[in-house]
Engineer: 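Here you go, one structure.
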Amino acid sequence: MDYKQTINLPQTDFPMKADLARREPDILKRWEETQTYQKLREIAKGRPTFILQDGPPYANGAIHLGHAINKVLKDIVVKSRSMDGFDAPYVPGWDCHGLPIEHQIEKTRGKEVKALDPRAFRQACREFAQSQINGQREDFKRLGVMGDWDRPYITMAPKYEAEQLRSFAEILRNGHVYKGLKPVHWCLDCRSALAEAEVEYEDKVSPAIDVRFAVKDSADLAKRFGVPGLKSPASVIIWTTTPWTLPANQAVALGPEFRYTLVDTGAELLVLASSLVDAVTKRAGVENVTRLAEVEGAKLEGVKLQHPFYERVVPIILGDHVTIDDGTGAVHTAPGHGAEDFEVGLKYKLEVYNPVGSDGRFVAGTPIFEGERVFDANKHVIEVLKERGALLHETKLNHRYAHCWRHKTPVIYRATAQWFISMEQAGLRKGALREIAKVKWVPGWGENRINSMIADRPDWCISRQRAWGVPLALFTHKATGELHPRTVELLEDVAKLVEQGGIDAWFDLDPAVLLGGEAAEYEKVPDIMDVWFDSGSAHHCVPKMHPDVKDPADLYLEGSDQHRGWFHSSLLTSVAQHDRAPYKAVLTHGFTIDDKGRKMSKSLGNVVVPQKVIGTLGADVLRLWIAATDYANEMALSDEILKRVAESYRRIRNTARFLLGNLDGFDPATDKVPVSEMVAVDRWAVWRTHQLQEEVIAAYRSYQFHLIYQKVHNFCSVDLGGFYLDITKDRVYTTGKKSLPRRSAQTAMFYIAEALARWLAPILSFTAEEIWRYMPGARSESVFFNTFFEFPKELTQPPTIDWDAILNVRSAISRELEKLRNAGSIGAPLDAEVDVYTKGPLLETLQSFGEELRFVFITSAARAHSADSRPADAVAAVEGEGNTTWIAVKPTTATKCVRCWHKRPDVGQHPNHPELCGRCVTNVDGPGEQRRFT
RNA sequence: GGGUCUGUAGCUCAGUUGGUCAGAGCGCACCCCUGAUAAGGGUGAGGUCGGAGGUUCAAAUCCUCCCAGACCCA
């Protein structure tokens with residue numbers, strides 16, 4: 001007889017080979033065709049909501065790994081909240097306005113279009129942005145990210161633009177907006193102000209000069225230094241790398257705490273920071289200097305200096321921004337050309353003087369330098385200084401200098417009329433700082449970080465001199481420059497127009513339409529708003545457009561750079577508008593690096609392209625990597641790491657497959673075994689699974705996905721593969737197909753699979769959905785329509801048997817068996833039999849297992865005895881508390897049962913089944929065996 | 001240059017308030033199985049916890065400095 005036919009081997013169509021690259025698109029198609037996301041919204045209706053507000057990616061270019069990480073993390077959060085019983089919608093967004101898109105269009109259509117036909121230019125921008133959105137959307141979907149992809153929010157939607165204006169109107173009404181003259185980063189090529197984010201720092205060679213500012217009143221200086229009188233003319237020496245800013249000089253700043261020395265070179269007297277005297281005089285080629293006196297900077301405040309080439313007297317002022325790392329310790333101050341200069345200038349009421357036009361040339365009427373380009377003027381300034389005898393020293397310096405991120409050209413600081421959101425005038429900074437403290441920041445240091453940024457930041461310049469963006473829809477009085485008194489109402493009028501006709505409605509607007517007779521007195525502000533305001537007002541705009549999204553959101557989740565970006569701009573607009581934060585919690589993730597800890601860059605050739613990973617290993621493997629990596633730090637990815645992840649994936653997949661295979665022929669509706677009748681180890685397995693689920697859910701709630709990966713993988717390898725499934729497969733294979741022992745195991749495996757599929761769903765979305773389809777029993781269309789598995793209550797109670805102790809004995813036996821194996825005495829553990837010598841509760845437990853004990857160790861025989869009766873050759877294997885367990889293993893001499901492969905003395909005792917052991921006889925040709933423990 | 005943060009076995013991660021805290025899984029090596037089979041099981045070797053000082057009876061865990069890296073800023 002061929003007993004093999006009586007063995008219940010695993011049977012499932014769930015493929016071992018994932019073939020994700022090929023199979024995932026099919027699942028994707030089904031999600032789309034069956035409207036899985038939309039159905040989920042219906043199913044989740046009425047539950048408590050969890051709102052993750054999407055930070056919109058910029059609608060330009062193919063998605064890279066950073067996008068993938070961000071979207072997948074969001075997807076994991078949303079899906080896990082959904083499975084945890086929340087209604088968690090996800091409305092993706094795109095950021096559409098701004099310079100990069102303008103540049104794309106300029107590249108293809110030429111710069112002229114922008115000036116000649118701005119309407120057509122904006123239309124081209126719009127179409128370009130839409131095409132980018134379409135491309136990115138497909139890639140995001142392919143990652144398995146589930147959301148309302150048919151109804152995303154895009155910042156160039158007329159409704160969004162209109163709502164943004166309404167948000168701005170409220171901010172203005174709340175008194176945060178002002179028009180000011182202020183130095184801003186100015187790109188000579190853009191002819192526009194740049195946001196901080198649009199500036200990058202690159203090496204540049206600049207002239208570095210030491211310049212004399214002659215002291216007007218020698219007697220005053222002498223007094224301040226406490227010397228009787230000065231025998232030579234004295235100068236304060238400043239050091240600068242931007243000679244062209246000297247025409248705008250209004251003061252010389254010293255550090256109040258630093259010490260300054262009056263130096264006699266023989267020919268003249270110089271005032272220098274004491275610690276820099278040697279360096280300066282050395283480079284100036286001065287020998288034999290005499291230090292006449294020393295005094296702290298604060299003592300020199302107010303000393304009058306002669307501007308080196310203009311008829312202008314400028315004061316010595318004090319500033320904390322002065323350093324003595326290099327230079328002279330005296331800082332040339334031009335409030336029209338520097339942020340710190342501007343700040344300190346405010347204190348001393350210095351003029352914000354800016355003689356430079358938007359084209360980067362000195363304006364008409366600028367003495368000496370009129371019409372010259374600023375960087376070219378450097379040379380001329382130096383010549384003039386030389387002529388006037390004001391140049392002490394000149395050299396070149398290679399240093400980091402601000403450049404336009406787009407043009408890669410050096411930018412300047414230039415004071416211009418700009419619109420600002422004030423950090424102080426209506427308490428914005430104070431409010432924002434207060435709100436930061438109320439938000440939960442994950443990881444915690446994020447709070448510290450954004451706090452210091454808000455605490456230190458200057459007012460927010462929100463105006464841009466560009467074409468592709470939401471207009472700063474204001475009317476100012478032609479003569480006074482004042483805002484129209486009905487500005488807030490007018491903004492609402494404009495918003496209505498924009499809602500219908502988009503931003504073109506403003507640009508095309510005849511002011512008379514809104515202002516009537518006043519139109520002649522007012523002009524439209526031509527500026528557009530900083531794009532950061534666009535996305536920053538999403539908390540207001542999106543809920544107005546999409547009923548699923550609410551304000552404030554439960555979570556914002558972006559890369560750590562967004563502390564200065566979107567987290568920051570959103571906080572400011574929200575506090576300015578509503579006096580509260582737009583989010584209850586903020587989660588940040590790090591950036592990708594390679595396995596050597598370096599950032600990914602084309603030049604290093606270490607860039608991992610998500611599309612390529614998806615096309616080979618599959619999106620689920622990429623998702624698993626994202627989940628497995630602790631996003632709080634940098635996230636390292638390389639081919640090796642990917643290989644490891646793919647291996648882990650296979651382990652998890654195969655575990656699921658084996659569970660499914662053993663569930664062949666199991667119908668939970670009729671075959672589930674009542675808990676009271678389940679075999680003890682099956683109950684243990686379910687209990688253990690439940691325990692793990694508690695940990696998994698806790699980790700999802702605290703966004704610690706990498707722990708889930710560790711725990712679940714560990715569970716599959718150790719608890720299941722290394723123990724439960726290993727010892728149970730004998731029972732599933734050899735007992736009767738419908739027998740209680742087998743059904744008990746199937747019941748446990750069924751529960752385990754039910755739980756496992758749900759744990760995996762937020763991370764391995766494709767695979768979980770695939771598993772779901774192969775699960776027995778009636779079930780919903782998608783795994784995502786479920787919440788985490790609810791175990792039968794009785795199975796969540798801890799078992800009375802001390803399985804940990806048994807597992808200790810088991811691993812000790814494994815070590816002993818390994819010795820036999822290496823000695824060539826046995827191969828499989830079934831070739832051996834084992835005697836365990838112990839005492840106390842462990843002995844009682846093991847003995848209570850009786851004949852079933854051998855199944856725990858997968859040996860052909862196993863017996864438990866009192867420790868006292870141990871033979872001399874037993875090995876002390878488990879050290880317990882005052883209780884050592886001894887083990888003796890040996891090859892068994894019994895005959896192998898052809899059916900169950902155990903070597904049993906009762907093989908051959910049954911005349912009809914001479915090759916079988918007694919257990920198999922009853923399973924094949926009798927009532928079947930009983931199992932209580934294993 | 002400044003701010004924030006990170007650095008535990010080849011890889012991914014655990015290590016609560018300092019005192020079995022030097023761990024897990026994977027990978028690797030070797031062995032076994034061939035009824036999860038391009039699977040499965042077992043055993044084992046790997047780390048002076050980035051480095052150097054210091055505090056303490058005791059530090060991966062606290063302090064200082066240094067090195068490397070990331071983000072933001074200048």
Side-chain angles (χ1 to χ4, degrees), chain A residues 3-4 7-12 14 16-17 196-197 199 201 321 323 325-326 339-340 399-402 443-453 455-457 559-565 568 588-599 624-625 627-630 632-638 640-645 647-648 650-651 653-662 704 706-707 709-718 721-723 725-727 729-730 732-734 810-811 813-824 826-831 858 899-901:
Chain A
Y3 293 107
K4 187 151 178 171
I7 298 283
N8 309 303
L9 292 179
Q11 179 64 46
T12 177
F14 182 84
M16 174 180 291
K17 195 169 176 327
E196 288 296 336
V199 174
Y201 290 81
H321 64 290
T323 68
D325 297 338
D326 49 20
E340 289 166 332
H399 62 153
R400 306 284 286 172
Y401 187 84
W445 48 258
E447 174 170 358
N448 189 357
R449 189 162 174 183
I450 194 167
N451 201 292
S452 63
M453 285 176 182
D456 294 340
R457 72 155 296 150
S560 62
D561 57 334
Q562 298 303 324
H563 285 105
R564 184 162 292 272
H568 192 113
T588 53
H589 59 260
F591 278 63
T592 51
I593 54 173
D594 67 13
D595 51 1
K596 294 182 184 63
R598 302 168 308 185
K599 72 169 89 183
L624 187 58
W625 168 71
T629 306
D630 183 359
N633 304 320
E634 294 88 52
M635 303 177 70
L637 187 57
S638 65
E640 193 204 338
I641 293 169
L642 227 31
K643 197 174 143 198
R644 290 290 107 81
V645 174
E647 280 159 1
S648 309
R650 264 182 252 125
R651 180 63 195 228
R653 183 183 180 89
N654 274 323
T655 301
R657 179 170 186 266
F658 189 55
L659 290 171
L660 292 173
N662 286 135
Q704 295 190 283
H706 64 288
L707 297 184
Y709 163 83
Q710 300 279 343
K711 285 170 191 288
V712 171
H713 186 256
N714 215 50
F715 176 71
C716 288
S717 297
V718 179
F723 177 60
L725 295 178
D726 198 31
I727 71 163
K729 59 187 176 185
D730 173 277
V732 179
Y733 294 173
T734 63
R810 185 172 188 269
S811 63
I813 291 171
S814 290
R815 281 193 294 276
E816 293 310 307
L817 290 176
E818 183 67 15
K819 290 176 191 164
L820 290 187
R821 185 149 44 230
N822 288 334
I826 62 164
L830 283 177
D831 294 335
I858 324 183
R899 184 170 177 277
C900 74
W901 296 351

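Within every chain, numbering begins at 1; the chains are lettered A, B, ... in the order of the sequence lines, protein sequences first and strands thereafter.
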Engineer: Which residues satisfy the side chain to side chain donor-acceptor pair (under 3.5 Å) test with A:K643, sequence neighbours excluded?
Structural biologist: none

Engineer: Checking A:F591 now: which residues fulfil ring pair (Phe, Tyr, Trp, His ring centres under 6.0 Å) with it, not counting sequence neighbours?
Structural biologist: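 None.
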
Engineer: The side chain of A:F658 lies closest to which of these nucleotides: B:A36, B:U12, B:A14?
Structural biologist: B:A36

Engineer: In whole Å, I'd like the distance from the CG atom of A:N448 to the P atom of B:C5.
Structural biologist: 6 Å

Engineer: Need the pair for B:G7. Rule: Watson-Crick or G-U wobble, both distances under 3.5 Å, any strand; none if unpaired.
Structural biologist: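 Across all strands, the one nucleotide that pairs with B:G7 is B:C67.
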
Engineer: All N/O contacts under 3.5 Å from nucleotides 33-35 of chain B to the protein, with atom names and distances to one decimal?
Structural biologist:
residue : atom : partner : partner atom : Å
B:G35   : O6   : A:V898  : O            : 3.2
B:G35   : O6   : A:R899  : O            : 3.2
B:G35   : O6   : A:W901  : NE1          : 3.1
B:G35   : N1   : A:R899  : O            : 2.5
B:G35   : N2   : A:R899  : O            : 3.4

Engineer: B:U48 pairs with which nucleotide, Watson-Crick or G-U wobble, both distances below 3.5 Å?
Structural biologist: none

Engineer: If B:A59 has a Watson-Crick or G-U wobble mate with both distances under 3.5 Å, name it; if not, just say none.
Structural biologist: none

Engineer: Rounded to whole Å, how long is the line connecting atom CD1 of A:I450 with atom C1' of B:C5?
Structural biologist: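 The distance from CD1 of A:I450 to C1' of B:C5 comes to 16 Å, rounded to the nearest Å.
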
Engineer: Quantified in whole Å, what is the P atom distance between nucleotide B:U8 and nucleotide B:G3?
Structural biologist: 24 Å

Engineer: Quick one: is A:R651 getting a side-chain N or O under 4.0 Å of the B:A36 phosphate, OP1 or OP2?
Structural biologist: no

Engineer: What is the distance, rounded to the nearest whole Å, between atom CG of A:D594 and atom P of B:C11?
Structural biologist: 12 Å

Engineer: In chain order, what residues pass the side chain to side chain contact (heavy atoms under 4.5 Å, CB included) check against A:R644, with sequence neighbours excluded?
Structural biologist: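 Testing A:R644 for side chain to side chain contact (heavy atoms under 4.5 Å, CB included), a comparison that skips the adjacent residues, returns A:E640, A:E647.
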
Engineer: Given atom CG of A:L830 and atom P of B:G40, what is their separation to the nearest angstrom?
Structural biologist: 19 Å

Engineer: Picking from B:C72, B:G40, B:U4, which would you name as closest to the side chain of A:W445?
Structural biologist: B:U4

Engineer: With heavy atoms under 4.0 Å as the rule, sort A:V645 into base, sugar-phosphate or nothing.
Structural biologist: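 Touches nothing.
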
Engineer: The criterion is side chain to side chain contact (heavy atoms under 4.5 Å, CB included); which residues satisfy it with A:E447, sequence neighbours excluded?
Structural biologist: A:I436, A:A437, A:W441

Engineer: Looking at every strand, decide which applies to A:N654 at a 4.0 Å heavy-atom threshold: base, sugar-phosphate, or nothing.
Structural biologist: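 The answer is base, as A:N654 lies within the cut-off (heavy atoms under 4.0 Å) of a base atom.
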
Engineer: Collect all protein-nucleotide pairs involving nucleotides 27-31 of chain B in which both atoms are nitrogen or oxygen and the distance is under 3.5 Å.
Structural biologist:
residue : atom : partner : partner atom : Å
B:G27   : O2'  : A:R644  : NH2          : 3.3

Engineer: Go through B:A70, B:U6, B:G25 for me and flag the one nearest to the A:I593 side chain.
Structural biologist: B:A70

Engineer: Which one, B:C26, B:U12, B:A36, comes nearest to the side chain of A:Y709?
Structural biologist: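 The nucleotide sitting nearest to the side chain is B:U12.
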
Engineer: For A:A636, which contact category applies under a 4.0 Å heavy-atom criterion: base, sugar-phosphate, or nothing?
Structural biologist: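 If one applies the 4.0 Å heavy-atom cut-off, A:A636 turns out to touch the sugar-phosphate alone, with no base involved.
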
Engineer: For a side-chain contact (heavy atoms from CB on, under 4.5 Å) check, start with the C-alpha distance between A:L659 and A:L725, then their side-chain angles and the critical distance, and finish with the verdict.
Structural biologist: CA-CA 9 Å; A:L659 290 171; A:L725 295 178; 3.9 Å; yes

Engineer: Whole-Å distance between B:G10 C1' and A:K643 NZ?
Structural biologist: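 Rounded to whole Å, this separation is 11 Å.
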
Engineer: Working note: A:E818 + A:R815, criterion salt bridge (charged side-chain N to carboxylate O under 4.0 Å, His left out); need CA distance, chi angles, decisive distance, verdict.
Structural biologist: CA-CA 5 Å; A:E818 183 67 15; A:R815 281 193 294 276; over 6 Å; no

Engineer: Under the ring pair (Phe, Tyr, Trp, His ring centres under 6.0 Å) test, which residues partner A:F723, sequence neighbours left out?
Structural biologist: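 Checked A:F723 against ring pair (Phe, Tyr, Trp, His ring centres under 6.0 Å); matches are A:W684.
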
Engineer: Determine which nucleotide pairs with B:A36, using a 3.5 Å limit on both distances of a Watson-Crick or G-U wobble pair.
Structural biologist: none

Engineer: Write down the partner of B:U12 under the Watson-Crick or G-U wobble criteria, each distance required to be under 3.5 Å.
Structural biologist: B:A24

Engineer: Looking at the base of B:U12, is there any donor atom on it, or on the side chain of A:Q710, that sits under 3.5 Å from an acceptor on the other one?
Structural biologist: yes

Engineer: List in chain and number order the residues that pass ring pair (Phe, Tyr, Trp, His ring centres under 6.0 Å) with A:F658, two or more places apart in sequence or in another chain; answer none if no residue qualifies.
Structural biologist: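 Listed in chain order: nothing, the list is empty.
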
Engineer: Kindly assign one of parallel, tilted or perpendicular to the pair A:Y709 and A:H713, based on the angle between their ring planes and the thresholds 30° and 60°.
Structural biologist: parallel

Engineer: List in chain and number order the residues that pass ring pair (Phe, Tyr, Trp, His ring centres under 6.0 Å) with A:H589, two or more places apart in sequence or in another chain; answer none if no residue qualifies.
Structural biologist: none

Engineer: By the 4.0 Å heavy-atom rule, please label A:R449 as base, sugar-phosphate, or nothing.
Structural biologist: base

Engineer: When rounded to the nearest Å, what value does the distance between C1' atoms of B:G44 and B:G15 take?
Structural biologist: 24 Å

Engineer: So, is A:H706 near the phosphate of B:A14, with a side-chain N or O under 4.0 Å from OP1 or OP2?
Structural biologist: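 So the side-chain polar atoms of A:H706 do come within 4.0 Å of the phosphate oxygens OP1 or OP2 of B:A14, strictly under.
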
Engineer: Expressed in angstrom and rounded to an integer, what is the separation of A:D630 atom CG from B:A70 atom C1'?
Structural biologist: 14 Å

